[in-house]
> 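What follows is a single structure, and I will ask about it in a moment.
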Amino acid sequence: MKLDLRWFVMEAQEAYIQEYELKSALDFYEQQLINKKGKILEIGQSHLFLLPDLLNHGIQMEGLVDSKKGEEACKQKCEELNQTATIYQLSPNEFKKSTRYDAIIIPFGSVLAVEERLNSIKLLKNVYDHLKSKGTIIVDLFIQDEFLVQQKHSMVQEFMSDLYVCEKQLIKLDMLEQSTTYLLSVERIKEGRMIEKEQKLQPFIWYGIKEFKLILERIGFTNVKMYSNYSTTESTKPSDKKVFTFIGEK
């Protein structure tokens, strides 16, 4: 995974991310889910990146996304693969359904893009309530590694003859609440002309590795394991890894 997961909330990054950044995540999630016989739910923030391909690989997928545009984009991608998806468009904390899932996945740091820490924990509890007995949660985190307010980072990436000029700036930091607000900007340039631009203020929260494991266990999850950068080998030392995936059982 080359991109900072913070970019996964941006609409303008969708085409680039879907085509280029997902292979390792798809391989990892497919391996974890391929033997599940019942329904799987993907919860996304603005996007459902994995659902179309996992559905196309024979996994019974449903989706929950809080963006109408994200719902429509996912359905269109499924149609391109000759698949039909059930997608719910509402806030994850408002999701209440009698269905119980074999697994619920929250990839690409979506659990951190919830505005308040309490709502993030409520989301994890809601996941627990919607799982079957012995059902599985799979959730990705990134670790907060920037603590200097007004600090900027830029990157330029080329894909399919288009340039993506991305900039993030840390606007607000609260060490006690473990929360940040970023100004994110993406420009898409084709043949020297900007054809798409998106800019947004995006709040994130963060968890420590051991803290998050304890939260999952406090909610009721057991046998919680952590994996780094979509490696299938359980990780015990985070070191400089970018993506941390937790898997637990109800």
Side-chain angles (χ1 to χ4, degrees), residues 1-30 42 44-54 56 65-67 69-74 76-78 80-81 105-113 139-173 180-204 206 227-231 238-245:
M1 181 61 62
K2 297 180 181 179
L3 280 178
D4 185 330
L5 295 192
R6 294 177 185 90
W7 294 113
F8 279 63
V9 301
M10 302 295 281
E11 301 285 351
Q13 282 286 79
E14 182 181 7
Y16 176 85
I17 291 172
Q18 285 191 340
E19 297 296 331
Y20 186 73
E21 282 289 325
L22 297 183
K23 188 179 187 310
S24 58
L26 275 168
D27 290 346
F28 177 86
Y29 274 88
E30 183 179 6
E42 177 183 355
Q45 175 83 10
S46 303
H47 301 287
L48 293 167
F49 288 108
L50 298 181
L51 185 151
D53 288 290
L54 291 175
N56 200 43
V65 65
D66 63 2
S67 161
K69 187 174 181 180
E71 176 192 7
E72 293 171 350
C74 186
Q76 180 179 345
K77 178 73 174 186
C78 289
E80 292 171 0
L81 296 171
I105 65 175
I106 316 176
F108 308 127
S110 291
V111 72
L112 305 179
V139 54
D140 290 347
L141 299 186
F142 58 83
I143 300 303
Q144 181 64 29
D145 57 357
E146 298 166 344
F147 300 97
L148 182 61
V149 176
Q150 302 302 324
Q151 185 177 24
K152 288 185 179 181
H153 290 283
S154 300
M155 67 177 183
V156 179
Q157 300 189 72
E158 185 175 1
F159 177 69
M160 299 290 286
S161 76
D162 293 352
L163 285 178
Y164 289 83
V165 181
C166 308
E167 183 177 88
K168 62 177 181 177
Q169 181 178 11
L170 180 57
I171 300 296
K172 183 179 178 182
L173 172 71
T180 61
T181 300
Y182 278 84
L183 177 62
L184 301 175
S185 176
V186 178
E187 295 182 358
R188 185 179 178 185
I189 299 171
K190 188 178 187 67
E191 297 177 351
R193 185 169 59 88
M194 186 176 65
I195 60 172
E196 186 176 10
K197 181 176 181 179
E198 181 183 0
Q199 190 173 59
K200 69 188 294 188
L201 280 174
Q202 175 65 49
F204 294 99
W206 79 80
Y227 301 82
S228 299
N229 283 10
Y230 300 122
S231 167
S239 67
D240 61 348
K241 305 301 184 183
K242 295 183 69 173
V243 185
F244 301 91
T245 303

> How many angstroms lie between CD1 in Ile17 and CZ in Phe8, if you round to the nearest 0.5 Å?
4.5 Å
> Between Ser185 and Lys197, which heavy-atom pair has the shortest distance, and what is it?
OG-CE, 4.4 Å
> Could you list the donor-acceptor pairs under 3.5 angstrom formed between side-chain atoms of residues 159-168 and any protein atom two or more places apart in sequence or on another chain?
| unit_1 | atom_1 | unit_2 | atom_2 | d |
| --- | --- | --- | --- | --- |
| Asp162 | OD1 | Lys190 | NZ | 3.3 |
| Asp162 | OD2 | Arg188 | NE | 3.0 |
| Asp162 | OD2 | Arg188 | NH2 | 3.0 |
| Tyr164 | OH | Arg188 | NE | 3.3 |
| Glu167 | OE2 | Ser154 | OG | 3.4 |
| Lys168 | NZ | Asp4 | OD2 | 2.3 |
| Lys168 | NZ | Glu146 | OE2 | 3.0 |

> Measure the spacing between NZ of Lys242 and CG of Leu5 and express it to the nearest 0.5 Å.
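These two atoms lie 7.5 Å from each other.
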> Specify the closest pair of heavy atoms between Tyr29 and Thr245, including all atoms of both residues, with the distance to one decimal.
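Closest pair (atom of Tyr29, atom of Thr245, distance): OH-CG2, 4.3 Å.
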> If I take atom OH from residue Tyr182 and atom CZ from residue Arg6, how far apart are they, to the nearest 0.5 angstrom?
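Those atoms lie 3.5 Å apart.
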> Do the non-hydrogen side-chain atoms of Ile105 and Leu54 ever get within less than 4.5 Å of each other?
yes
> Does atom CD (Glu191) have a neighbourhood of more than 12 heavy atoms from anything else shown, all under 6.0 Å?
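No, the 6.0 Å shell around CD holds no more than 12 heavy atoms from other groups.
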> Report the relative orientation of the aromatic rings in Phe28 and Tyr230; use parallel for angles under 30°, tilted for 30 to 60°, perpendicular for over 60°.
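Geometry flag for Tyr230 against Phe28: tilted rings.
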> Could you give all pairs that pass the side-chain hydrogen bond (donor to acceptor under 3.5 Å, both in side chains) test and reach residues 44-54, with sequence neighbours left out?
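Those involving residues 44-54 do not exist here.
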> Can you find a pair of side-chain heavy atoms, one from Leu141 and one from Val111, that are under 4.5 Å apart?
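In short, these two side chains touch, coming nearer than 4.5 Å.
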> Does any N or O in the side chain of Asp140 come within less than 3.5 Å of the main-chain N or O of Ser110, such that one atom is a donor and the other an acceptor?
no
> To the closest 0.5 Å, what do you measure between OG1 (Thr181) and NZ (Lys200)?
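It comes to 12.0 Å.
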> Between CH2 of Trp7 and CE of Met155, what distance do you get to the nearest 0.5 Å?
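The CH2 atom of Trp7 sits 5.5 Å away from the CE atom of Met155.
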> Are the side chain of Glu42 and the backbone of Leu51 linked by a donor-acceptor contact shorter than 3.5 Å?
yes
> Mind listing the closest non-hydrogen atom pair of Gly70 and Val65 along with its distance?
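Nearest heavy atoms, Gly70 then Val65: C-CG1, 4.2 Å.
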> How long is the gap from CZ on Phe108 to CZ on Phe142, to the nearest 0.5 Å?
13.0 Å
> Shortest non-hydrogen contact from Leu184 to Gln202?
CD1-CB, 4.0 Å
> Taking all atoms of both residues into account, what is the closest heavy-atom pair of Leu48 and Cys74, and its distance?
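So the minimum-distance heavy-atom pair works out to CB-SG, 3.8 Å.
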> Indicate the atoms forming the closest heavy-atom contact of Gln144 with Phe147, along with that distance.
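In terms of heavy atoms, the two residues are closest at O-CZ, 3.3 Å.
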